[in-house]
Protein chains: 2
Amino acid sequence: MSAPRPARAVPAVAPAAPEACDVFHIDPARVSRLRGALIAPPTVVDLAETFRALGDPTRVRLLDALSHGELCVCDLARLLGLSESAVSHQLRLLRGLRLVRPRRDGRMVYYALDDRHILTLFRQGLRHVQETPARPAARRAR
Amino acid sequence: MSAPRPARAVPAVAPAAPEACDVFHIDPARVSRLRGALIAPPTVVDLAETFRALGDPTRVRLLDALSHGELCVCDLARLLGLSESAVSHQLRLLRGLRLVRPRRDGRMVYYALDDRHILTLFRQGLRHVQETPARPAARRAR
DNA sequence: TGAATACCTGAGCAACTGCTCAGATGTTTC
DNA sequence: GAAACATCTGAGCAGTTGCTCAGGTATTCA
């Protein structure tokens, strides 16, 4: 409560205050080695941003629908039972991260998954949750 | 503003009000076919939950560190410059989703990635962001 | 040109999230 | 048992998110 908490958008990727971080409790050598092996901060942010985009039920459903082929905003909205505005907002986010790609045709705009990479990532996640045992009570932990 | 918006934790997976959703603008046949091909709602939630867990810079860094081998909470905290409390909270979330696994040894608790699946998913995402062109101005869209 | 259609966008609100703080729990050592 | 250590947990706060609403832009057609 003393120090003003740093804004969350800028993750504390920089090492903590020097006076607190030179000694490691358990395995100093290994921890020091790890320091140099960690993913670079900008990449961390990009990676988290991409996963977070996939981490919402509405966007999962949008991507799932698009995994079967391109669709216009209108049909996406009807298919998923959402307002076109809500769909448009989400597509903008996915577009910004290059997860989907728009194609205008007259007054319609058709959206499709941006590339094969996305589909692979999506399906990998799907396989994980389908093969992971039911997660008994921990499911709603927290 | 008329209807009280449903809680966000229960995504509108159910089809929308019947009177609004029987007719599709563009390709009714295709949309109807898609209806049956979409991922089941509980799976959608699980999938989104898993991706969301990966969708935070702190958790990305935790998983990245653990991808090199198991570490105790204390070293994780020092390595990433976070409080042990913050690390513990995040690990609980990851534990609940079976993304990491604890192993107690005396008063220490060592955490490791739960299985190979996680590492595969993590690296797939990493490859994606590393191969995706710089995302010019859309990066911070919205 | 004007109306209709399909989509986009900013503002604003309720719900959610990640952190800190304070204190609890479990384990080892004296 | 008591003290020290490593970790866990609940409450609470500020920042973020996903939606709706209201109105905007782009395209087609009469």
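Here is the naming used below: chain letters follow the sequence lines, and residue numbers restart at 1 for every chain. All values reported here derive from a predicted model rather than from experimental measurement.
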(request) Tell me which nucleotide among D/dT17, D/dT28, D/dG18 gets nearest to the side chain of A/Arg52. (result) D/dT17
(message) Rounded to whole Å, please give me the gap between CG in B/Leu94 and P in C/dG18.
(response) 10 Å
(message) Nearest to the B/Arg107 side chain among C/dG26, D/dT20, C/dT20, which nucleotide is it?
(response) C/dG26
(request) Would you kindly give the CG-to-C1' distance between B/Leu62 and D/dT7, to the nearest whole Å? (result) 15 Å
(request) Drop me the distance from B/Arg30's CZ to B/Arg35's CZ, to the nearest 0.5 angstrom. (result) 14.0 Å
(request) Provide, to the nearest angstrom, the distance between the CG atom belonging to A/Leu93 and the P atom belonging to D/dG18. (result) 7 Å
(request) Please list, chain by chain and in numerical order, all residues satisfying side chain to side chain contact (heavy atoms under 4.5 Å, CB included) with A/Ala65, sequence neighbours excluded. (result) A/Leu71, A/Leu76, A/Leu79, B/Leu38
(message) In whole Å, I'd like the distance from the CG atom of A/Asp105 to the P atom of D/dA26.
(response) 18 Å
(request) Not counting sequence neighbours, list each pair that qualifies as a salt bridge (Lys or Arg N to Asp or Glu O under 4.0 Å) and has a residue in residues 100-115 of chain A. (result) A/Glu70-A/Arg103, A/Arg101-A/Asp114
(request) Under the side-chain hydrogen bond (donor to acceptor under 3.5 Å, both in side chains) rule, collect the residues that match up with A/Arg127, sequence neighbours excluded. (result) none
(request) Round to a whole Å and report the spacing from OH of B/Tyr110 to P of C/dG26. (result) 20 Å
(request) Measure the distance from CG on A/Leu82 to C1' on C/dC8 and round it to the nearest whole Å. (result) 16 Å
(request) Would you mind listing every side-chain hydrogen bond (donor to acceptor under 3.5 Å, both in side chains) that reaches into residues 116-126 of chain B, with sequence neighbours excluded? (result) none
N/O-N/O pairs, protein side and nucleotides 8-11 of chain D side, under 3.5 Å:
residue, atom, partner, partner atom, Å
D/dC8, OP1, B/Tyr111, OH, 2.6
D/dC8, OP2, B/Ser88, OG, 2.8
D/dC8, O5', B/Ser88, OG, 3.4
D/dT9, OP2, B/Arg95, NH2, 3.4
D/dT9, O4, B/Ser85, OG, 2.9
D/dG10, OP2, B/Arg92, NH2, 3.1
D/dG10, O6, B/His89, NE2, 2.9

(request) Kindly say if A/Gln90 contacts the phosphate of D/dC19, meaning a side-chain N or O under 4.0 Å from OP1 or OP2. (result) yes
(message) Can you measure B/Glu49 atom CD to C/dC16 atom P for me and round it to whole angstrom units?
(response) 13 Å
(request) Please report, rounded to the nearest Å, how far the P atom of D/dA6 is from the CG atom of B/Leu71. (result) 15 Å
(request) For B/Ser88, check side chain to side chain contact (heavy atoms under 4.5 Å, CB included) against everything at least two apart and list the hits. (result) none
(message) Between A/Asp64 and B/Ile39 (side chain of the first, backbone of the second, donor and acceptor by atom type, cut-off under 3.5 Å), is there such a pair?
(response) yes
